[in-house]
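Throughout, residue positions are numbered sequentially from 1 according to the sequence presented.
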Amino acid sequence: MENGRSEFPFPFQPYTIQEDFMRSLYNVLDQGKIGIFESPTGTGKSLSLICGALTWLTDFETKRKEEAAALLQKDQMSCSSSNLEASGQNVSAEPDWITSFVQKKAERDLVSKLKEDEDKRKKREERLELIRNNVQLKYAMKRKNCEEEEEAFKLLQLCKEDQTDGTANQDDEDLIIAEYESDDESKPKSRFRLAEDEEEDELVEEHVAKIYYCSRTHSQLAQFVHEVQKSPFSKDISVVTLGSRQNLCVNEEVKRLGSLQRINERCMEMQKNKQEKPHREEGAKRKRGPAKSVCPYNKATALQQMRDQLLGSILDIEELLKLGQESRSCPYYATRLAVPQVQLVVLPYQMLLHEATRRAAGIKLKDQVLIIDEAHNLSETLCCIHSAELSGAQLCRAHSQLSQYAERFRTRLKAKNVMYIKQVLFVIEGLVRVLGGKVGQNPQSQVTQPATEMHTINNFLFQAQIDNINLFKLHKYFEKSMISRKLGGFVEKYVGSGVTLHTPSKTSKENRRTEGLNRYLQHLQAKQITPPEPPLNQQGASEAENTLAVSPMMQIEGFFMALTTSNTDGRVVIHRQGNLSESSIKFLLLNPAVHFAQVLKESRAVIIAGGTMQPISDFKQELLFSAGVQEERIAEFSCGHVIPPENILPIVLCSGPSGQELEFTYQNRDSPHMMDETGRILSNICNVVPGGIVCFFPSYEYSRRVVAHWESAGILARLANKKKIFQEPKKANQVEQVLGEFSRCIQRCSQQDGGTLTGALLFSVVGGKMSEGINFSDDLGRCVVMIGMPYPNIKSPELQEKMSYLDKHLTHSGGKSPGQALIENLCMRAVNQSIGRAIRHRGDYSSIILCDRRYSRSATLGKLPAWIRSRTCTHQSFGPAFAALRKFFAEKKQKLALTANGSPVL
């Protein structure tokens, strides 16, 4: 392994660049480095990652077994020689046993650990072999006795995010916050508690050496799993795909709740009801009211059986859901039970990059390999995951709900819980005060002065007058007491019904007597005060109901956690929008490296891969060097495309057919002349390009304005005479429908020679739903047109603060400040992702038209992928560019005709 590896198992003869990719990947994993891998889409990047990484994992396990066997053999030989020496010694000689003990203790401990690991490994491999041979484990089928069932429940609970304690004999006991003690206030553990911890430690399974593969979306993860299924490792590797409850739940009663928070809360409530059921005391009276529901899919034996099936087969999320429905077991918990034993874990990288979510899913990165695919926007993703925003409406609702909760249970809450709840209320009140409002009043009726302010964390805490509150302790209280979940259950049970609780300060007995009357009177009063609302459709009513029934305390908890960030690494943006309800407070993370550093520190090796990672230098500076990574630990790999150079035609177009210079700056792009020239360019392109054309606009708003102008000027009708026109929808659930119609239209046109329509034209948006993860291969994308340069909004306060932070903390290079470089990098990364939608395999061909003279600048061209940059031609006038485009497609048509006639094409 020190010399690397030259051959890799592969389902077919790999390309040279794939062999180079796998060799570089193998060496990076073997040396424990951080690798940045760039391989264009269509070059078999996923399969190269699979075969290279799993080959290394197989060799690593083999080497570790050999080293363990050698050490064990050495120990046996040393024991034999020690016995011979002892037998040959004079009986009267007195051995120095103390010295011998000290010298041999470390060796004995190591050998003992190796023997234990070897026994575990053998048992695990034997069990996996049985599973793969479809032999059901007898102990899983016959586990009936109560003691073993209890152990299974304990093992299951270790995989869950939180545990709650309660008794089924009291009506609101599950809503009471448990007694909380902070770390510095906690008492020594009792002997019973220590025994419990030791028992749980024995139940936690040791994680085997594994690879965590992350990508952005579930569809990309499904594609990766399908590649694993086709790889040579499909029979020998164990794989599991992780997801959220929203993606993996098979209980229709829970799924139809819609929002992730409501699904999580309902799931945890059903798990708690299940825990309470077997512990009900004998002879206890059953309380009146409907029985608490439990999830029929969460049964320990069924979960373990499903886990065994997951270990013996490779399933994507769709197959997981189907298996869960057939076996009536929960894929969400079954996948987490399987994590310790599998060798390849596939998951969205949002789940891995957030520490609390990572811990809840049972992910342990210590000495493991991490592969982050589609990592071109990793910095932005980290900032987005760890940012937090609260509206005035959410703050007022949280204050009202928590106040009602504290009032209802004031006689049953411990003193420390009351103290912490008052602190939370005090902080929320301070946040509302910063927005210019007051708690206890309708946020929609409170007027605020429109303004946007940017503050450091410390200045914000002083302005909100909450700098005397220990937010670290308050965040720990959220975690330990589970106040967010308790309040969520309270809101669903009481406040979610629309009844506002204001319990009078009387004895609990009096409260119980008058509670029903008070609720009825308050309900009547609310009806009289609340103005009539306009009628809602069914969907709108459902959304409004969900908003009321969900507690915003989870968002409050996330914001509190964000405020514990270092003062230099984050900012707080205050947006006042005219009324308190729409105003908001947003935490903005400026340094994503602070959260990525822990991932880099724990992992044995990290692979950061993407179709285009340019510009790599800025990526390293912002995300790796800032996290404390040394230059010598970073390795880079970049390869060209597998397509022949003549299969791509990238053109930088500096002017249109009428000579109008193309520069879509903010000042120029709205002029009618510029819009008319853009329409003429597209009309000419549609005349010579067959199949599908994808035209990218820099924003939804600009796309709307241009299309509206074309429609009024008759340009849209001329385009529609050649290509059927489609537009990217704003709703994500309509994307598949539009793509399907776009594809069917192109297929019909290709089958009808001499028809009026020659294909379809799709208007899309850079950074939109079709600029990433969508394949416009073959006839679907014979030409990609980029209108202008999609620079971000430079006037955005968040972006300005980010630029200022980079200018202050990063080094200047290339004559530009880090802030200016950020603007250009964001623009060109978006461009690279969009134009990469077309070429998807070796035999594909396409043209790329960059409509803006600014693309001709050498610095901008240098940020295009190398395989595109090397073929790019800049044309100052439209005539030569159009001639080159017409020649390109004429040659392709001629080659296709010769191929169809059976003639050889060289």
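The two residues Tyr333 and Arg245 come nearest to each other via the heavy atoms OH-NH2, 2.9 Å. Of all heavy-atom pairs between Leu57 and Lys210, the closest is CD1-N, 4.4 Å. Minimum heavy-atom separation, Cys249 to Val254: SG-CB, 3.9 Å. Across all their heavy atoms, Gln350 and Ser215 have their closest contact at OE1-O, 4.3 Å. Across Trp56 and Arg604, no two heavy atoms sit closer than the pair CZ2-NE, 3.3 Å. Closest of all the heavy-atom pairs between Leu49 and Leu25 is O-CD2, 3.7 Å.
Within the 4.5 Å cutoff, side-chain heavy atoms of Pro11 are placed close to those of Cys51. In this structure the side chain of Arg216 never reaches within 4.5 angstrom of the side chain of Thr381, judged on heavy atoms. Using a 4.5 Å heavy-atom cutoff, the side chains of Lys45 and Asp373 are in contact. Counting heavy atoms from C-beta on, the side chains of Gln220 and Ser46 never come closer than 4.5 Å. By the 4.5 Å heavy-atom criterion applied to side chains, Met553 and Gln401 are not counted as neighbours. The closest side-chain heavy-atom distance from Leu365 to Leu352 is below 4.5 Å. Side-chain contact between Thr301 and Ser329: absent, with no pair of heavy atoms (C-beta onward) separated by less than 4.5 Å. At a threshold of 4.5 Å between non-hydrogen side-chain atoms, the residues Val342 and Leu311 count as touching.
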*Just do the side chain to side chain contact (heavy atoms under 4.5 Å, CB included) check on Ile385 and His595 with the steps written out, would you?*
CA-CA 10 Å; Ile385 290 173; His595 293 284; over 6 Å; no
_Pair Leu323-Leu310, side chain to side chain contact (heavy atoms under 4.5 Å, CB included): steps then yes or no_ = CA-CA 10 Å; Leu323 176 61; Leu310 296 180; 4.3 Å; yes
*Stepwise, does the side chain to side chain contact (heavy atoms under 4.5 Å, CB included) test hold for Thr241 with Leu248?*
CA-CA 10 Å; Thr241 303; Leu248 292 178; over 6 Å; no
*asked:* Would Lys364 and Val339 count as a side chain to side chain contact (heavy atoms under 4.5 Å, CB included) here? Give the steps.
replied: CA-CA 10 Å; Lys364 296 182 179 180; Val339 167; over 6 Å; no
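Side-chain polar atoms of Asp59 and Thr62 form no donor-acceptor pair below 3.5 angstrom. Side-chain contact of Asn417 with Tyr477: a donor-acceptor pair under 3.5 Å is present, judged by distance alone.
Applying the 6.0 Å contact sphere to CD of Glu326 captures more than 12 heavy atoms from other residues, nucleotides or ligands. Within a 6.0 Å radius of CD in Glu253, more than 12 heavy atoms belonging to other residues, nucleotides or ligands are found.
Between His354 and His386, the two ring planes are parallel [angle under 30°; tilted spans 30° to 60°]. Aromatic ring pairs are classed by plane angle as parallel below 30°, tilted from 30° to 60° and perpendicular above 60°; the pair Phe478 and Phe560 is perpendicular.
The distance from atom CZ of Phe10 to atom CD1 of Ile50, rounded to the nearest 0.5 Å, is 9.0 Å. Here the CD1 atom belonging to Ile237 is positioned 8.5 Å from the OG atom belonging to Ser231, to the nearest 0.5 angstrom. Ile314 CD1 to Lys230 NZ: the interatomic distance, rounded to the nearest 0.5 Å, is 12.5 Å. Residue Gln304 holds its CD atom at 13.0 Å from CD of Gln309, rounded to the nearest 0.5 Å. Considering CE of Met561 and CD of Glu557, their distance stands at 8.5 Å, rounded to 0.5 Å. With values rounded to the nearest 0.5 angstrom, Gln598 atom CD is found 13.0 Å from Leu353 atom CG.
Ser603 places no side-chain N or O within 3.5 Å of a backbone atom of Leu600 that could act as its donor or acceptor partner. No side-chain donor-acceptor contact under 3.5 Å links Ser234 to the backbone of Val228. Checked by atom type and distance alone, the side chain of Lys299 never pairs as donor or acceptor with a backbone atom of Arg328 at under 3.5 Å. Checking side-chain atoms of Gln368 against main-chain N and O of Tyr212 turns up no donor-acceptor pair under 3.5 Å.
Between Glu319 and Lys322, none of the side-chain N atoms (NZ, or NE/NH1/NH2) sits under 4.0 Å from a carboxylate O, so this pair counts as no salt bridge. With salt bridges taken as basic N to acidic carboxylate O contacts below 4.0 Å, none links Glu355 and Arg358.
Among residues two or more places apart in sequence or in another chain, the ring pair (Phe, Tyr, Trp, His ring centres under 6.0 Å) test is passed with Phe233 by none.
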